[in-house]
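Below: one structure, written as structure tokens.
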Amino acid sequence: MGDIKAKILSVGTYVPEKVLTNAYFESILDTSDEWITTRTGIRERRVVDADNPVTAADMGCRAARVALERAGVAAKSVDGIIVATFTPDNFFPSTACRMQADLGCTGAFAFDISAACAGFVYALTVANNMIVSGQAKTILVVGSEVISKTLDWNDRGTCILFGDGAGVVVLQADGSGRRDKGILSCYLSSDGTMGDLLKLPSWGDERFLSMKGNEVFKHAVRMMSDASARAAGQAGFKIEDIDFLIPHQANIRIIQSIANTLSVPMEKVVTNLDRYGNTSSASIPLALEEAWGDGRVKDGSKVLFVGLGGGFTVGSVVCII
């Protein structure tokens with residue numbers, strides 16, 4: 001078992017058709033396109049249409065079908081589905097169980113995890129460990145969020161930031177013994193003492209996402225930079241050895257500050273939040289698909305994923321595509 005590694009075979013994504021530009025927020029809030037763009041880097045985002053709603057499971061299935069087709073993997077050969085989401089269809093059954101039924105993954109175990117915007121990295125880490133231990137061979141790792149249903153549309157500090165979407169990778173066991181493929185390291189950490197800085201209550205009348213932005217910014221840069229360095233070190237790399245940094249797409253200033261802290265040139269940093277906003281657990285696979293699809297990320301690329309979410313949760317993964 002020691003020679004088994006988990007490798008990413010493919011990625012698939014889905015975003016709703018409805019686009020909200022910054023001009024929309026100019027029409028409902030005391031804000032401007034310039035203010036939003038300069039402070040966040042976001043110009044538009046996709047949101048679920050209230051007149052034609054789709055759920056986290058629906059979006060996850062659409063992304064998963066793309067990923068499975070690209071990988072040449074049949075649904076019935078999937079051993080597990082792990083869904084990272086803070087906007088599940090239900091408390092239970094899990095969003096993953098809904099996906100298992102809808103996709104026809106009849107032999108797969110299925111469960112959700114909650115780590116907010118670090119969810120995809122957490123799910124990827126859990127899936128990696130299950131594959132390396134021999135418990136599964138093929139796992140769908142999913143990040144899917146319908147964040148628009150959690151927002152207070154009168155709060156300009158939060159509602160301008162977020163979008164909806166889903167991303168899925170097919171993770172599969174590789175027993176070839178090659179060191180130039182697959183996941184090389186994973187790092188996770190949490191600090192529950194800062195939970196009130198970024199939260200979404202489950203109960204009560206005010207079930208809206210809330211955030212103390214300046215505090216989150218400060219801790220996000222510190223914790224994501226540290227997590228990136230740790231994962232690189234565990235993989236036996238220096239940060240400069242990494243070909244691409246794919247961070248959670250929260251805010252362009254956070255991303256630029258992390259790159260500056262790590263001395264990573266921005267041409268090595270994958271960003272697409274200008275078109276999608278912060279899609280939480282979906283943001284890393286959305287960015288991965290774009291960079292992989294346009295040829296920047298290719299066979300043999302050393303990629304570092306890093307994300308931070310409410311909790312606080314932080315995680316990082318180094319893999320070779």
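Judged by distance alone, the side chains of T55 and D58 do bring a donor and an acceptor atom under 3.5 Å apart. Under the 3.5 Å distance criterion, with hydrogens and angles disregarded, a donor-acceptor pair is assigned to the side chains of Q172 and T138. Using a 3.5 Å distance cut-off with no hydrogens or angles, the side chains of Y122 and S190 do pair a donor with an acceptor. Under 3.5 Å, the side chains of S148 and D164 contain a donor-acceptor pair of N or O atoms.
Taking the six-membered ring where tryptophan is involved, the planes of Y24 and W153 are perpendicular, since the angle between them exceeds 60° and thus also 30°.
For the pair S10 (side chain) and A67 (backbone), a donor-acceptor distance under 3.5 Å is present. Within the 3.5 Å criterion, the main-chain N or O of A115 finds a donor-acceptor partner in the side chain of T313. Put simply, the side chain of D180 never gets that close to the backbone of I320: no donor and acceptor are under 3.5 Å apart. Judged by distance alone, the side chain of S144 and the main-chain N or O of A57 form no donor-acceptor pair under 3.5 Å. E26 places a side-chain N or O within donor-acceptor distance of the main-chain N or O of D33, the cut-off being under 3.5 Å. When atom types are taken as modelled, the side chain of Q100 and the backbone of A108 share a donor-acceptor pair closer than 3.5 angstrom.
The NZ atom of K7 sits 6.5 Å away from the OG atom of S176 when rounded to the nearest 0.5 Å. Atom OG1 of T38 is separated from atom CD1 of I252 by 12.0 Å, given to the nearest 0.5 angstrom. The CG atom of L197 lies 9.0 Å from the NZ atom of K218; values are rounded to the nearest 0.5 Å. The distance from atom CE of M130 to atom CZ of F109, rounded to the nearest 0.5 Å, is 3.5 Å. Considering CG of L9 and CD1 of I321, their distance stands at 10.0 Å, rounded to 0.5 Å. Rounding to the nearest 0.5 Å places OG1 of T13 at 9.5 Å from CG of L288.
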Exercise for the section: With side-chain hydrogen bond (donor to acceptor under 3.5 Å, both in side chains) as the test, would you mind laying out the steps for S257 and N260 before giving the verdict? Expected result: CA-CA 5 Å; S257 295; N260 184 60; over 6 Å; no
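Contact check for C61 versus R65: side-chain heavy atoms found under the 4.5 Å cut-off. No side-chain heavy atom of N251 sits under 4.5 Å from any side-chain heavy atom of V216.
A salt bridge does not link K181 to D174: none of the charged nitrogens lies less than 4.0 Å from a carboxylate oxygen.
Each of D112, D89, N90 was compared with R98 under the side-chain hydrogen bond (donor to acceptor under 3.5 Å, both in side chains) criterion, and only D89 meets it. A side-chain contact (heavy atoms from CB on, under 4.5 Å) with L286 is found for exactly one of V11, I246, V270, N272, namely N272. Of the listed residues (H248, E145, Q249), just one forms a side-chain contact (heavy atoms from CB on, under 4.5 Å) with N278, and that residue is H248.
Atom CG of D294 has more than 12 heavy atoms from other residues, nucleotides or ligands within 6.0 Å.
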